[in-house]
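Each remark here refers to the structure printed beneath this line.
Count residues from 1 along the sequence.
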Amino acid sequence: LGCCIYARVSTDEQAERDLSIPFQLERCRYYAQGKSWEVVKDFVDAGESAKTDRRPQFQKMISSARAKEFDIILVHKLDRFARNDYDFVIYEKELADLGIRLESVTEPGDNSTPAGYISRRIMQVISSWYSKNLAVEVKKGMQRKVEIGGWPKPAPMGYINKRDGNKAWIEVDTWYGPFITKAFDEMAIGKWTLDEWADQAYSLGYKTREGSRIRKQTWSKIFHNRFYLGETWLKEGDPPVRGNHEPLVSENTFAKVQEVLKEHDKHKQHTWRHKY
């Protein structure tokens, strides 16, 4: 019988460090060898969550299954295949209709028997519960971090994320930080439009990581971002709290910039005439 191996890790950090992909592939190959299955293909999703089926290699594997390129899909654990209840059942049923078995190294069982079926359903439900519970616990941790002035997300332009062991904090970027302060000061004067300021910033050497012009939409977000006032929050709409990071702009300057941006918006308004 021919089989494919599907391996997955859920975070970019795991993807970069190869923390578990080689292990999954090794255990799956060893298991397939013991069953005398021929491994015809590997599909690896690095840094992809199993809470959705929108995974590039997963979809390629399903397409290959529809083309009957193998008889078995082998995973190290069933939660590598899917953690979403709906996705798991739908794809497992489609594979069964195609005559393709889904097998697990660590959770073997004959899904065609009543005992094997209920065992798989229980394992799948536990996996789904774990995923949902982990999301709740992560959110609690992020909320707690915000309450004590932390920022649980990537720092915006002008700041950098720093980490030392389990300790994480935000520092001012020595290159972009002072320029963000200057940008607010310049915009508060009222002599620049967003387009003009985007051109000015680019001419001064301030670019995206890819080396291109920072778009006016990005500058608009920067000028509306209260993080530069030293505030922090978990999601939009939450009341902000005083953050532990150093502010890059004063309340007075920030307020002036908001007024300038409002004036720009007024000038953009058009009168629409319709013929009825």
In terms of heavy-atom contacts, V172 and G177 come closest through CG1-CA, 3.8 Å

For this session: Taking the six-membered ring for Trp and the single ring otherwise, decide whether the centroids of W151 and W233 are under 6.0 Å apart.
Result: yes

Note to self: Quick one: does any side-chain atom of S203 pair with a main-chain N or O of Q200 as donor and acceptor, under 3.5 Å?
What the structure shows: yes

key: Min side-chain heavy-atom separation K153-N161 under 4.5 Å   = no

So salt bridge (Lys or Arg N to Asp or Glu O under 4.0 Å) across residues 24-47, not counting sequence neighbours, yields R29-D42, K41-E69

>> With a sphere of 6.0 Å drawn around CD of E147, does it hold more than 12 non-hydrogen atoms of other residues, nucleotides or ligands?
In response: yes

*Output, in order, the C-alpha distance, side-chain angles, deciding distance and verdict of ring-ring contact (aromatic ring centres under 6.0 Å, His included) for F43 and F58.*
CA-CA 7 Å; F43 297 93; F58 180 85; 9.6 Å; no

Rounded to the nearest 0.5 Å, the CD1 atom of I62 sits from the CG atom of L98 at a distance of 8.5 Å

In this structure, CD1 of I73 is separated from CZ of F81 (nearest 0.5 Å) by 5.5 Å

query = Is it true that F184 and F223 have ring centroids separated by less than 6.0 Å?
reply = yes

Taking the side chain as every heavy atom from C-beta outward, state whether L102 and F88 have any atom pair closer than 4.5 Å. yes

(Q) Is it the case that the ring center of H76 lies less than 6.0 angstrom away from the ring center of F23? (A) yes

- Task: Let me see the working for D195 and R213 under salt bridge (Lys or Arg N to Asp or Glu O under 4.0 Å), right down to the final yes or no.
- Result: CA-CA 11 Å; D195 260 326; R213 176 179 178 269; 3.4 Å; yes

SB check K256 D185 (cutoff 4.0 Å): no

query: Hey, mind stepping through M61 and Y91 against side-chain contact (heavy atoms from CB on, under 4.5 Å) and telling me if it holds?
result: CA-CA 11 Å; M61 178 181 68; Y91 283 108; over 6 Å; no

Q: Answer yes if L95 and V75 sit in the same cluster of Ile, Leu, Val, Met, Phe, Trp and Tyr residues linked by side chain heavy atoms under 4.5 Å apart, and no otherwise.
A: yes

SG (C28) and CZ (R80) are apart, to the nearest 0.5 Å, by 11.0 Å

Q217 meets the side chain to side chain donor-acceptor pair (under 3.5 Å) criterion, sequence neighbours left out, with none

Correct closest heavy-atom pair for N225 and F254 would be O-CE1, 3.5 Å

Let me check something: any side-chain donor-acceptor pairs from residues 234-248 under 3.5 Å, sequence neighbours excluded? List them with distances.
from : atom 1 : to   : atom 2 : distance (Å)
K235 : NZ     : D238 : OD1    : 3.3
D238 : OD2    : K235 : N      : 3.2
R242 : NH1    : G230 : O      : 2.7
N244 : ND2    : I148 : O      : 3.0
N244 : ND2    : G149 : O      : 3.3
H245 : NE2    : F227 : O      : 2.8

Donor-acceptor pair between E186 and W192 side chains, under 3.5 angstrom: yes

Assess the residue pair Y6 and L74 against the criterion (side-chain contact (heavy atoms from CB on, under 4.5 Å)); give the C-alpha distance rounded to whole Å, side-chain angles, the decisive distance to 0.1 Å, and a yes or no. CA-CA 6 Å; Y6 179 69; L74 182 60; over 6 Å; no

Give the cluster check for I189 versus L261: same hydrophobic cluster or not, with ILVMFWY residues linked at side-chain heavy-atom distances below 4.5 Å.
-> no

Any side-chain heavy atom of Y228 sitting closer than 4.5 Å to one from I222?
-> yes

- Message: Before you tell me yes or no, could you show the steps for L25 and I5 under side-chain contact (heavy atoms from CB on, under 4.5 Å), namely the whole-Å CA-CA distance, both residues' side-chain angles and the distance that decides it to 0.1 Å?
- Response: CA-CA 7 Å; L25 293 174; I5 296 173; 3.7 Å; yes

Note: C3 and W37 closest approach over all heavy atoms is SG-CB, 4.2 Å

Is the F179 ring parallel, tilted or perpendicular to the W197 ring (thresholds 30°, 60°)?
parallel

Interatomic distance, CD1@I100 vs SG@C4, rounded to 0.5 Å, equals 8.0 Å

When every non-hydrogen atom of L229 is compared with those of V249, the smallest separation belongs to CD2-O, 3.6 Å

Does any part of the side chain of R226, heavy atoms only, come nearer than 4.5 Å to the side chain of E251, both counted from C-beta?
yes

To the nearest 0.5 Å, atom CH2 of W169 lies from atom CD1 of I160 at 9.5 Å

Does K167 offer a backbone N or O that forms a donor-acceptor pair with the side chain of D164 under 3.5 Å?
no

Minimal heavy-atom distance between A155 and I170, with the atoms involved, is CB-CD1, 3.8 Å

When every non-hydrogen atom of Q59 is compared with those of D53, the smallest separation belongs to NE2-O, 2.8 Å

Q. Using the ring of each side chain (for Trp, its six-membered ring), is W175 parallel, tilted or perpendicular to Y206, with breaks at 30° and 60°?
A. parallel

| task | Evaluate the criterion salt bridge (Lys or Arg N to Asp or Glu O under 4.0 Å) for residue pair K191 and E196; output intermediate values, then yes/no. | result | CA-CA 9 Å; K191 72 172 185 176; E196 290 168 347; over 6 Å; no

Exercise. Answer whether the closest heavy-atom distance between the side chains of V105 and K77 falls below 4.5 Å.
Key: no

>> Centroid separation under 6.0 Å, is that true for the rings of Y176 and Y159?
In response: no

Rounded to the nearest 0.5 angstrom, the CE-OG1 distance for M157 and T218 is 7.0 Å

Query raised in the report: Does the S64 side chain pair with the main chain of K60, one donor and one acceptor, at a distance under 3.5 Å?
Result: yes

